[in-house]
Amino acid sequence: MSKERDYYFEQYQDRKMKKWAGFYLSEHTAIIEQEKKRQPAEKKIQMSWMEIDEILAQAFQNQVEVMIQKEELDCEGNYGADIIGMIQGHDELGIYVEGHKIGYDEIRHVQFH
């Protein structure tokens, strides 16, 4: 180890928890601000499986973006934001939309975007 590095480590005083508390506080307030801006998604009508299947098939064939509302509620009883994107693929259990795997039984409502 060189003399310069030794001098640096001898003179350096770490602020430890004061430094980390500042990081935590700024991240925490940013998350709170995002939560305040987030509006609960509207409850869309429950579509039949035949309607969902028809729209998904058309969107996949024509490469059209879709908006999917999942049958999933948060702790406050609100639906999450719609998943928007192109259908990238599918299998027997569900579809892949913009990096999300969505099971067929999880889909509440789908429409073209």
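Every value quoted in this text rests on a predicted model; they were computed, and no experiment measured them.
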Asker: Let me see the working for K70 and D82 under salt bridge (Lys or Arg N to Asp or Glu O under 4.0 Å), right down to the final yes or no.
Answerer: CA-CA 7 Å; K70 292 174 69 175; D82 291 348; over 6 Å; no
Asker: Apply side chain to side chain contact (heavy atoms under 4.5 Å, CB included) to residues L73 and Y79 and explain how you reach the verdict.
Answerer: CA-CA 5 Å; L73 300 173; Y79 287 95; 3.5 Å; yes
Asker: Determine, using the 4.5 Å side-chain heavy-atom cutoff (strictly less than), whether F112 and I102 are members of one ILVMFWY cluster.
Answerer: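 F112 and I102: one cluster.
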Asker: Identify the two heavy atoms, one from I87 and one from A59, that lie closest to each other, and give their separation to 0.1 Å.
Answerer: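 Nearest pair, atom of I87 first, then A59: CD1-CB, 4.0 Å.
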Asker: Is it the case that more than 12 heavy atoms not belonging to K43 sit under 6.0 Å from its NZ atom?
Answerer: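 For K43, atom NZ is not crowded (no more than 12 foreign heavy atoms under 6.0 Å).
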Asker: Would Q111 and H109 satisfy side-chain hydrogen bond (donor to acceptor under 3.5 Å, both in side chains), going step by step from the backbone distance to the final call?
Answerer: CA-CA 7 Å; Q111 66 188 45; H109 185 89; 3.1 Å; yes
Asker: What distance separates N78 CG from E42 CD, expressed to the nearest 0.5 Å?
Answerer: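 CD of E42 is found 12.0 Å from CG of N78.
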Asker: Output the distance between atom CD (E65) and atom CD1 (I84), rounded to the nearest 0.5 Å.
Answerer: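 E65 atom CD to I84 atom CD1 measures 7.5 Å (nearest 0.5 Å).
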Asker: Once ring-ring contact (aromatic ring centres under 6.0 Å, His included) is applied, what residue pairs with a partner in residues 51-78 remain, sequence neighbours excluded?
Answerer: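 Listed once each, the pairs are F60-H90.
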Asker: List the steps, then state whether side chain to side chain contact (heavy atoms under 4.5 Å, CB included) holds for I68 with I95.
Answerer: CA-CA 11 Å; I68 298 174; I95 59 173; 3.6 Å; yes
Asker: Look only at the side chain of Q69 and the backbone of K44, and say whether a donor-acceptor pair between them is shorter than 3.5 Å.
Answerer: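 The answer is yes, because a donor-acceptor pair under 3.5 Å joins these two groups.
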Asker: Using side chain to side chain contact (heavy atoms under 4.5 Å, CB included) as the criterion, list what pairs up with N62, not counting sequence neighbours.
Answerer: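 Scan of N62 (side chain to side chain contact (heavy atoms under 4.5 Å, CB included), adjacent residues dropped) gives Q58, V64.
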Asker: Return a table of donor-acceptor pairs under 3.5 angstrom between the side chains of residues 45-53 and protein atoms on other chains or two or more places apart.
Answerer:
{"residue": "Q46", "atom": "OE1", "partner": "R108", "partner atom": "NH1", "Å": "3.2"}
{"residue": "S48", "atom": "OG", "partner": "E51", "partner atom": "N", "Å": "3.3"}
{"residue": "S48", "atom": "OG", "partner": "E51", "partner atom": "OE1", "Å": "3.4"}
{"residue": "E51", "atom": "OE1", "partner": "S48", "partner atom": "N", "Å": "2.9"}

Asker: Given 3.5 Å as the limit, does a donor-acceptor pair link the side chain of E98 with the main chain of I83, or not?
Answerer: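 No, because the side chain of E98 does not come within donor-acceptor range (under 3.5 Å) of the backbone of I83.
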Asker: Following the transitive rule for hydrophobic clusters with a side-chain heavy-atom cut-off under 4.5 Å over Ile, Leu, Val, Met, Phe, Trp and Tyr, establish whether Y104 and V66 coincide in one cluster.
Answerer: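 Yes, same cluster.
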